Amino acid sequence: MSKENKVTDLQDIISHAKEYGFVFPSSEIYDGLGAVYDYGQYGVELKKNIQEYWWKSMVQLHENIVGLDAAIFMHPKTWKASGHVDAFNDPLIDNKDSKKRYRADVLIEEAMTKIEDKITKEVDKAEKKFGETFDKAMFLQTNPNVLRNKEKVATIEARFKKALEDSNMDELKQIIVDLEIVCPISGTRNWTEVRQFNLMFSTQVGAIADESETIYLRPETAQGIFVNFLNVLNTSRQRIPFGIAQVGKAFRNEVVARQFIFRTREFEQMEMQFFVRPGTEMEWFEKWKETRMAWHKSLGFAEADLKLHKHIKLAFYANAAVDIEYNFPFGFKEIEGIHSRTNHDLTQHQNMSGKKLQYFDHELNESYVPYVVETSIGLNRTILAVLSNSYKVEKLEDGTERTVLNFPPFLAPIKAAILPLVKKDGLPEKAREIMNELKFDHLCFYDEKDSIGKRYRRQDALGTPFCITVDHDTLTDNKVTIRDRDTMKQERVDISELRRIVGEKVDWRKAVK
RNA sequence: GCGGGAGUAGCUCAGUGGUAGAGCAUCAGUUUCCCAAACUGAAGGCCGCGGGUUCGAUACCCGUUUCCCGCUCCA
């Protein structure tokens, strides 16, 4: 856990993850696909274990939280209601000198405002000049400067509207050029082309490509929960406050997908939407903030590597938001967001669908649209955090080094390696016996190749918490040694006790406490 | 998308205008050992891809692609 051993280079983690079968670049034999990754034989186990731990922590341990698995495809109206169709579509332009990016539509709107300001100034000037006798309406209709500017604005507005309607990026660029808009930072007109950024992936359902059949890959899993609110409410016998949890893939066509598996266009979210009585949302927001922070600590993250980041600028639907950030090799970055989403989503869906998404509160004797507190964690980010946190290159007393992934045992892909000290004298057979028993409880790994030391180190690099070694004495006393990954200490135990001992050591219960 | 850096064996990296090397890892064997032991042998590369210069390019030039870093973006 010491900071000295903490590797700050992401590259080391990427290499290790690839070399030991955790994460591979997607379709690598074809040169890979940008920012897409596949999980290898140990990565998939780690991922599954994290996901399962989250699920148990949220669903199994909370009587008032139930699970859900909604489809990735959803009715297109879902994304109109949620605001994604409008908010996830921006025409963007870069200034090559200042390297700043702007929304093209905002730049044009600002330029139009400037021209309108000129008109206002002209009017003010005239008003001062003529005093009481000033006829504003007449002035606006006759003053040549005003008329010229008014026409200019009208022309631009017409072009601008049409360009937006036609999604004509070239025309937007041309308007920016014609208006001689300069970058506020660099002061230059050295612009790139305007590009439309569609943050949602779309595809067609049905064999005939028709506009009405364009559907989106969900950009967040939350909406699958909101549209099922009534279904769950009617069938789960839950009463407010209660939550719906879901793990699933979401897709965002990010402008920049970077930093290994931290930001990818295809990613997996673990979300829980908690429905509460209006007015109580801040209490629940605080409660979930603490609960989720404790969960992250249970993954073995040091307190110093976790941080709460409060949003100052809130999304339009939220009335409170906080991120849980982890100290990645590239700095503190968000792993999980906790948002008080008010009744925005349900209200939007209620309006769009015409279905009443309300809850009748017997205590208050009234119906209302519940408020929502959301906890939304990125599974891939959590994997990266666990990998970063676990990856250590340790200097041993004898001067050698060892690379170890000190995962919490309940997250480790392989729980135990079964190793005969030598490959003869009946030791492999005895080890196989143990393997055949333990494999029903845990993912185990049998290895008889190379020296025992090398095999220990190999398991260290995979993060296997326990190595069970069969030696010559085992044949007579029925005892084996259990070697601890972190302390490298060995303990001699009875074979009959193995199931219990290993079972206790890798029990997730210990993490929850 | 802009700028910078880098792509040579599974990993870490050498290398030279004359068609490639080390260490580790992998596989087979010998050794039978409690913390990356030794030995023998094997396999593994269109030197990221395409084009240009050249008698000849892994090397020099251009383009492209992928990754990393910074900016940007981030419901």
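None of the values given here were measured: they were computed from a predicted structure. Every chain is numbered from 1 and lettered A, B, ... according to where its sequence line falls, protein lines coming before strand lines.
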A/Phe332 six-ring face occupied by A/Lys307 cation (under 6.0 Å, within 45°) | yes
When only distance counts, do a donor and an acceptor, one from the side chain of A/Tyr20 and one from the base of B/C11, lie under 3.5 Å apart?
-> no
Which whole-number value in Å describes the distance from A/Asp471 CG to B/C33 C1'?
-> 12 Å
Counting any heavy atom closer than 4.0 Å, what does A/Ser15 reach on the DNA or RNA strands: base, sugar-phosphate only, or nothing?
-> sugar-phosphate
Report the nucleotide, chosen from B/U32, B/C35, B/A36, that has the shortest atom-to-atom distance to any side-chain atom of A/Arg483.
-> B/C35
Sole residue of A/Arg483, A/Lys392, A/Lys454 in salt bridge (Lys or Arg N to Asp or Glu O under 4.0 Å) with A/Asp460 = A/Arg483
Bracket notation of RNA chain B in which parentheses pair within the strand, [ ] cross earlier pairs, and | pairs with another strand (Watson-Crick or G-U, under 3.5 Å) = (((((((..((((....[..)))).(((((.......))))).....(((((..]....))))))))))))....
What about A/His84, does its side chain sit under 3.5 Å from the base of B/A75 through a donor-acceptor pair?
-> yes
Length of the line joining A/Asp460:CG and B/C34:P, which is rounded to integer Å = 17 Å
Rounding to a whole Å, what distance do you find between A/Arg402:CZ and B/C35:P?
-> 13 Å
Using a cut-off of 4.0 Å on non-hydrogen atoms, how would the nucleic acid contact of A/Leu421 be classed: base, sugar-phosphate, or nothing?
-> base
Taking the six-membered ring of A/Tyr446 as reference, does the NZ or CZ atom of A/Arg432 fall below 6.0 Å from its centre and within a 45° cone about the axis?
-> yes
Give a yes or no on whether a donor-acceptor pair under 3.5 Å exists between the nucleobase atoms of B/C74, that is its base, and the side chain of A/Arg263.
-> yes
Which nucleotide in the list B/C34, B/U32, B/C67 gets nearest to the side chain of A/Tyr37?
-> B/C67
Axial cation check for A/Phe24 ring with A/Lys18, 6.0 Å and 45° limits = no
A/Lys423 NZ - B/U32 P separation (whole Å) = 12 Å
A/Phe330 CZ to B/U72 P, straight-line distance once rounded to whole Å | 16 Å
